[in-house]
Amino acid sequence: MVDAQQRHVRLLRRSPAGVQAFEVARAITGSWWDQPRSVEERAWPARLEATQPDDADASWWTVAARDLITYPETVALARLLASRPLQQRTVAESGGHLPYRLGELPALVTEVAHELQRPWLVHHLAAITHGPLFTWAHSCVRTRASDEATAHKALWRVHSAHRPRPLSDLLPHVPAADGTPPVPRPVMRLRGHSLQAEHAFSQGLAHARAYYKEHGHLAVPKEDTPVGYPLGQWLANTRARHTRMPARQATALTALYPWWHAPWSTLWQRTWHHARAHAQTHGPLQPARGFPTTSYSLGEWLYLQCTRYPALHPEQQCLLTQIGIDAAAAAAARPRRRNLKASAEEALAHARSYAAEHGSLASVTSATVHEGFRLGQWLANQRNYQRTGHRPLPAGRARALTAIDLWWCPPWNLKWQRHYYRARDAAAGRRLQAENGFNALDDSGAADWLWRQCATYDELSEEQRQLLAGIGITPHVARTALEHARTAPKRPAADVEDKTSQARKAADPATPTGPRRTRRAAEPKRPREPRSRLGHRPDLRPGFETAMAHARAWHAEHDHLAAPRDTVHDGYPLGAWLFSQRNRAKQRARAGMPPSPHLRELAAIDPWWNPPWALHWQRNYYRARDHIQAGRPFDPAGLVPSPGTVLGSWISRACLKYDQLHPDQQQLLALIGVTPEVAHARTRRAYPRRTAVEHAKAFAETHGHLAMPHDTLHEGFSLGRWLIKQRYRANKSSPSFPAARALTAIDPWWNPPWGMVWQRAYHHARTHPRHPAARRWTQKQRRSWLLLHHQQHLLTTAGLITA
């Protein structure tokens with residue numbers, strides 16, 4: 001004990017970290033003291049027996065003498081941990097990987113056992129994955145044993161869960177000398193524990209057990225919420241603090257799944273479990289053959305692990321060894337190649353099946369899926385390769401597609417080919433009668449398309465003419481059809497064959513319907529009745545009254561006329577009618593004409609039936625009004641409704657653009673409690689970026705620039721650190737994101753291409769030109785004038801240096 005005390009004094013005198021190292025060593029030996037004693041440990045029991053007073057209770061003395069018995073080992077361990085060479089060797093031995101267990105740092109474990117004169121301790125320490133010694137090694141590797149203040153603080157931090165419990169909490173109750181029974185002390189809560197935290201951990205552990213029972217692991221994605229519980233987030237938070245967890249909690253999770261806090265990603269762990277299940281089901285993985293039994297993605301992942309095998313974590317290498325990938329197998333691994341030939345054969349088989357069912361491949365669009373296979377996308381790629389020549393199509397594949405359908409990739413538009421097949425099917429078994437305009441065909445759309453081909457026959461290619469000849473459209477037939485169109489008499493509308501406009505539009509959407517033109521040509525023109533442009537035609541007034549009746553009924557039910565365009569009220573298309581009335585009103589306004597008198601009746605029903613802003617804004621406003629009238633929670637300044645909802649998102653957008661809204665829109669918002677102050681408060685809470693930009697604007701108005709140090713605070717907001725993040729984002733990605741544009745408007749040189757030290761010195765010299773430091777800096781700029789770029793313009797503009 002005396003020798004240990006002398007060594008302790010020398011440690012405190014010579015080592016700057018002596019005090020912190022002793023606290024860490026005391027936590028380590030205290031944790032060993034609380035564990036069951038090993039049979040190899042003989043020094044501590046001998047000291048305990050030699051120092052025990054004759055009148056002391058054995059159990060009481062075992063607790064009270066903890067720090068006394070472990071003091072020599074604590075001092076020896078503190079001297080070892082405070083050694084800089086040991087810290088550097090620990091970092092070098094880790095190979096850049098955070099340790100999973102102390103066995104990955106054999107030199108550290110060996111030196112600890114040697115310093116404590118306990119060779120048998122190596123085996124016990126190698127299996128440790130938690131505790132104060134593991135936390136110290138983990139922090140040493142993570143901070144790279146740096147001399148920085150933050151690294152020094154992290155290295156010697158003793159978390160509350162690892163600190164030895166005060167002896168006053170552990171000493172058993174001993175009766176007084178006169179036999180008076182002791183007064184029982186209240187049960188004290190363990191340091192670092194709370195009932196709420198214990199309950200939360202128990203709940204998370206129960207869900208983890210259920211997940212492990214179902215999936216066999218705890219590599220849960222962070223966003224997963226099985227059974228409604230955020231297990232992924234809970235495990236991520238627990239992994240982040242696994243070095244400072246109480247031993248009981250860490251032991252419970254380790255007993256459930258040893259790799260719950262592995263120092264690699266959970267995605268790697270999930271993929272490894274996938275590979276292990278595949279190996280158990282389909283046999284060995286066969287790395288030397290390129291993992292032939294696996295899927296393409298799994299094979300690529302396994303080959304990637306083989307290429308990175310020497311740089312993987314030692315525990316990752318052990319896990320790969322369990323599925324048959326050791327160092328030799330990884331060196332002999334081959335990449336998992338996609339079997340392009342097999343994929344092409346599968347696609348051709350689907351193409352044959354589709355062509356056999358539909359007669360051709362012309363109807364295949366990019367969205368076509370045939371029996372689960374994306375035939376449309378594959379065929380679109382083949383057509384693109386064939387037409388552009390960017391990626392030559394294999395000759396065998398082109399021949400196979402041509403054998404399936406000769407015109408699978410025609411040199412003209414695919415729509416023409418689709419219409420051709422439609423006309424061919426309609427004309428099958430029939431004689432085309434060009435002299436009557438192909439009216440004998442059952443498909444009016446095909447008849448119209450054939451007439452258009454006859455009209456543009458001379459413009460078609462030779463291959464198209466050959467295809468048309470196959471269904472009977474020869475040059476003679478084409479001329480006959482055109483002659484019939486010129487000489488055929490105009491028939492009244494009653495004699496026009498009923499051919500639906502939808503069929504005509506399907507044949508060619510750009511071609512207008514024929515019956516309407518025929519009816520207009522056959523009917524005599526009605527005399528134009530004198531009428532005022534400001535009123536209604538008498539024959540249209542009944543229809544208007546009907547529409548107004550439906551509008552009044554809709555308003556009585558919904559209290560507005562902001563009906564969507566597809567609204568149908570009692571079978572009447574009210575939405576389409578209101579849409580047409582709004583269009584006519586806007587057309588008259590654009591032409592400088594006065595509004596129609598009949599629209600006053602609509603304005604009397606709803607003053608905002610035709611607002612000067614988008615109608616969807618008006619509909620959202622009415623939803624907010626109905627929300628308030630229904631008595632539901634509404635506090636715009638307090639983010640109620642939440643911006644995550646549809647209504648809350650609209651309120652946030654309205655508040656964000658409050659100053660840009662129409663004055664009447666602002667009045668409507670005021671009726672539901674959204675004033676300028678409320679809009680500003682909601683914007684600050686819903687859009688933190690806007691708050692940061694406002695801080696930057698206020699700082700620039702005071703100081704004239706944004707070249708502030710990184711630790712600058714503006715009204716409690718860490719503006720300096722926020723600006724550093726924006727500069728990093730602008731330099732890495734693009735300076736065109738909203739925050740960057742706003743900052744450029746505030747200060748064009750907020751992110752200069754030179755160092756911020758120069759920019760801060762420039763602003764200091766600009767505002768304090770007579771300061772000695774500013775004068776020295778200005779002289780330095782004169783000497784390096786030729787090396788400056790845009791800085792020359794800044795210096796001359798500020799008058800610091802004359803050009």
Side-chain angles (χ1 to χ4, degrees), residues 223 225 228 230 233 554-565 567 575 578 582 603 605-701 713-719 721-723 725-726 737-743 745-746:
E223 63 277 3
T225 57
Q233 185 64 55
W554 173 273
H555 182 270
E557 182 179 355
H558 300 89
D559 200 21
H560 65 82
L561 287 182
R565 186 175 178 178
T567 300
L578 287 171
R582 294 188 189 100
I605 299 175
D606 181 5
W608 302 108
W609 76 276
N610 184 28
W613 48 83
L615 199 64
H616 67 81
W617 191 96
Q618 195 69 13
R619 283 195 288 269
N620 283 320
Y621 169 77
Y622 288 129
R623 290 191 185 100
R625 186 193 63 182
D626 297 342
H627 180 91
I628 296 173
Q629 293 177 354
R632 298 172 185 169
F634 188 80
D635 182 12
L639 297 185
V640 178
S642 171
T645 62
V646 176
L647 181 59
S649 176
W650 173 81
I651 295 174
S652 297
R653 292 194 303 272
C655 293
L656 181 63
K657 299 182 179 180
Y658 188 86
D659 298 334
Q660 306 173 16
L661 296 178
H662 193 280
D664 292 337
Q665 288 178 292
Q666 296 178 354
Q667 293 181 5
L668 289 175
L669 290 175
L671 296 178
I672 60 174
V674 181
T675 61
E677 295 77 12
V678 172
H680 184 70
R682 184 178 181 93
T683 301
R684 289 177 64 90
R685 297 193 62 184
Y687 299 91
R689 179 192 64 77
R690 186 176 176 87
T691 304
V693 172
E694 290 176 356
H695 280 288
K697 186 176 181 180
F699 184 91
E701 291 175 354
L713 296 178
H714 183 262
E715 298 180 359
F717 178 74
S718 55
L719 182 59
R721 296 188 180 277
W722 181 80
L723 280 173
K725 293 180 181 178
Q726 306 313 308
F737 55 94
R741 293 195 296 268
L743 291 173
I746 297 172

* Between W613 and L661, does a side-chain contact (heavy atoms from CB on, under 4.5 Å) hold up when you go through it step by step? -> CA-CA 9 Å; W613 48 83; L661 296 178; over 6 Å; no
So how far is it from [X] [atom1] to [Y] [atom2], rounded to the nearest 0.5 Å?
X	Y	atom1	atom2	result
L668	Q666	CG	CD	10.5 Å
W722	L743	CH2	CG	4.5 Å
H662	Q667	NE2	CD	9.5 Å
W617	K657	CH2	NZ	12.5 Å
L671	Y621	CG	OH	4.5 Å
I651	D635	CD1	CG	10.0 Å

So, for [X] and [Y], which heavy atoms are closest and what is the spacing to 0.1 Å?
X	Y	value
R625	H558	NH2-O, 3.7 Å
W609	L615	O-CD1, 4.3 Å
P564	R619	CA-NH1, 3.7 Å
A654	L669	CB-CD1, 4.3 Å
Q726	A739	OE1-CB, 3.8 Å
C655	V674	SG-CG1, 3.9 Å

* side chain to side chain donor-acceptor pair (under 3.5 Å) involving R623 - partner list, sequence neighbours excluded -> N620
* Asked: Step by step, would you call F699 with I746 a side-chain contact (heavy atoms from CB on, under 4.5 Å)?
  -> CA-CA 10 Å; F699 184 91; I746 297 172; over 6 Å; no
* Listed partners of D626 passing side chain to side chain contact (heavy atoms under 4.5 Å, CB included), at least two apart -> Q629
* Asked: When Y622 is tested against each of H560, H627, H616 for ring pair (Phe, Tyr, Trp, His ring centres under 6.0 Å), which residue passes?
  ->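 Among H560, H627, H616, the one meeting ring pair (Phe, Tyr, Trp, His ring centres under 6.0 Å) with Y622 is H560.
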* Counting only N and O atoms by type, is there a donor-acceptor contact under 3.5 Å from the side chain of H555 to the main-chain atoms of I605? -> yes
